[in-house]
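Scroll down for the structure; my scribbles are underneath it.
Start at 1 with the first residue, then count along the sequence. Read the numbers this way: they start at 1 and go in the same order the structure lists the ligands and their atoms. Just so it is clear, the values below take in all heavy atoms, side chains as well, and ignore hydrogens, waters and symmetry mates. The structure presented is a predicted model; accordingly, all values stated were derived computationally and were not measured.
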Amino acid sequence: MNLHGFTARDGELEVGGVGVRRLAARAGGTPFYAYDRARLRARVAGLRAALPAAVRIHYAVKANPLPALVQHMAGLVDGLDVASTGELAIALDAGMPAARIGFAGPGKRAEELRQASAAGALVNLESEREVALLAGIGQATGWRPPVALRVNPDFQLKGAGMSMGGGQRPFGVDAEQAPAVLAAIGAAGLDFRGFHLFAGSQNLRPAAIVEAQRAALALARRLAAHAPAPVRHLNLGGGFGIPYFPGETELDLAPIAAGLAELAADAATSLPGAELVLELGRWLVGGAGVYVCQVLDRKVSRGRTFLVCDGGLHHHLAASGNFGQAVRRNFPVAIATAVGAAPAGPVSVVGPLCTPLDLLADQVDLPAAGPGDLVAVFQSGAYGASASPQRFLGHPPARELLV
Ligand SMILES: *Cc1c(COP(=O)(O)O)cnc(C)c1O
């Protein structure tokens, strides 16, 4: 049975060498998310070993903003990327130097730009309005944070689960408009450092990722001619996918590493002095987390068996299929208290909410389980607790543990 990198002892799933029943007791009950520190460390180390040394690895905090986890990641990666001032505060508290924190987001309030300027974080500018606001803040305060221009590329990331660039987007400025905005950045006297390009999320096709990164470098080279200062920073975005569903496999890093080695060599001459940055969220943290809830009831309704659990959609919207999926498919699940036991026929794992959307796994063949057993949902370290409507129906929020 596939435990997605976790271990089991005497039929009980473990995270960081601790059984889930004990973790539940430590957490003060179920449901909870548990994230494995050692696996996070190994994941970053594996990526570093695979990629050219010149490529900087940033963690995109929005994938999992638990402060303890961000602090752990801050000690492993080269920088953090944030998409709100709430995340900025977590990144600064984690001890990451402000100069290695990038702040992006399509709608930044003046107060947020002020906060990022005061901190000294790299501001990814996404409109002429933001250029003008930041220039005004600089004139009033003397603060001169580094800035990059976020560009909505003139290409799409093929095969991305969630497209975030190319075509008509609220993110960044269109590549066609970039020369004018670069001129505005220069006229405002802002500290221009480079470009930020992010094409899409959850991609499992290495060739598509390589192609998008190559196109991003080519676009940056073209736009560099319009830039007010040499490009020293080129953020190629994130988007590396992880396998959730049957038939999907781990992303092969070798072709991506080979592509990046070519790009790094190209950039060394075409954009001398520019650092290449990847900002990864899901790929870094997704596999290291598991969501665990407890079976409250076992019901049979006209021949269909339901395991009704104390956790569900309100904690784990993605596993219910309502976040980033066009067609609902089951996340990998297991009975965490009966690992290795023989399957006993199909069951549907549902949560406690009064909505048919609260479905964690539909008709999966699991070992026999009933009240008191624990259900584990794997691949739950990214876009879990913080990406779920935890207040919906007023149940308590999920506990979160870094083990
Ligand atoms: C969400 C996001 C990321 C991370 O995407 P993943 O698919 O989790 O790697 C990176 N950069 C920006 C700008 C984002 O909005």
Side-chain angles (χ1 to χ4, degrees), residues 35 40 43-44 47 51 55-66 69-70 73 77-88 90-91 100-108 112 116 121-127 130 147-153 156-166 169-173 194-206 208-209 212-213 216 233-244 248 250-251 253 256 276-289 317-318 323-325 379-387:
Y35 314 113
L40 292 167
R43 191 76 164 165
V44 177
L47 185 64
L51 296 187
V55 175
R56 299 271 168 269
I57 300 170
H58 283 203
Y59 172 53
V61 171
K62 108 175 172 270
N64 189 327
L66 182 72
L69 183 142
V70 176
M73 295 301 287
V77 297
D78 304 309
L80 296 173
D81 286 294
V82 302
S84 70
T85 48
E87 289 185 358
L88 175 63
I90 292 170
R100 294 198 272 132
I101 301 174
F103 175 36
K108 302 186 194 73
E112 294 178 292
L122 175 93
V123 179
N124 291 294
L125 295 166
E126 309 203 20
S127 73
E130 291 186 358
V147 304
L149 179 63
R150 183 169 179 185
V151 181
N152 173 29
Q156 299 250 8
L157 179 53
K158 294 190 192 102
M162 216 181 287
S163 184
M164 292 186 60
R169 303 285 164 194
F171 310 112
V173 303
F195 296 104
H196 177 272
L197 296 121
F198 180 47
S201 192
Q202 180 52 20
N203 202 312
L204 286 170
R205 292 168 51 190
I209 292 173
Q213 290 174 340
H233 174 91
L234 178 55
N235 188 329
L236 296 169
F240 292 14
I242 62 172
Y244 290 101
E248 293 182 342
E250 279 283 343
L251 191 63
L253 291 179
I256 297 173
L276 298 183
V277 176
L278 293 182
E279 52 172 0
L280 300 174
R282 185 189 314 269
W283 189 92
L284 288 175
V285 300
L317 189 65
F323 184 86
Q325 285 189 52
Q379 304 294 70
S380 296
Y383 305 108
S386 71

Determine whether Met73 and Leu40 make a side-chain contact, defined as any pair of heavy atoms from C-beta on separated by less than 4.5 Å. yes
Show the atoms of ligand 1 that are less than 4.0 angstrom away from any heavy atom in Lys62. 1 (C), 2 (C), 3 (C), 14 (C), 15 (O)
The criterion is side-chain contact (heavy atoms from CB on, under 4.5 Å); which residues satisfy it with Gln325, sequence neighbours excluded? Phe245, Arg329, Phe331
Taking 4.0 angstrom as the limit and counting only heavy atoms of Gly281, give me the atoms of ligand 1 inside it, by number and element. 4 (C), 6 (P), 8 (O), 9 (O)
In sequence, state the C-alpha distance, the side-chain angles, and the governing distance for His233 and Leu122, and then conclude on side-chain contact (heavy atoms from CB on, under 4.5 Å). CA-CA 10 Å; His233 174 91; Leu122 175 93; 3.6 Å; yes
Compute whether any side-chain donor of one residue and acceptor of the other, for His196 and Glu279, lie under 3.5 angstrom apart. yes
Go through the steps for Leu149 and Phe195 under the test side-chain contact (heavy atoms from CB on, under 4.5 Å), then give the verdict. CA-CA 5 Å; Leu149 179 63; Phe195 296 104; 4.1 Å; yes
Of all the atoms in ligand 1, which lie at a distance below 4.0 Å from a heavy atom belonging to Ser201? 6 (P), 7 (O)
For ligand 1, which atoms, with element, lie under 4.0 Å from some heavy atom of Ala60? 3 (C), 4 (C), 10 (C)
Is there a heavy atom in Phe171 that sits closer than 4.0 Å to ligand 1? no
Just which atoms of ligand 1 are under 4.0 Å from any heavy atom in Arg282? 6 (P), 8 (O), 9 (O)
Does Phe198 have a non-hydrogen atom less than 4.0 Å from ligand 1? yes
Below 4.0 angstrom, N of the basic side chain to O of the carboxylate: do Glu250 and Arg43 qualify? yes
Nearest candidate to atom 10 (C) of ligand 1, where distance is taken over non-hydrogen atoms, out of His196, Glu279, Glu126: Glu279
Would you mind listing which atoms of ligand 1 come within a distance below 4.0 Å of any non-hydrogen atom of Tyr383? 1 (C), 4 (C), 5 (O), 6 (P), 8 (O)
Could an N or O of ligand 1 be found under 3.5 Å from any N or O of Gly239, whether backbone or side chain? yes
If you define the side chain from C-beta out and look only at heavy atoms, does anything of Asp81 sit under 4.5 Å from Phe103? no
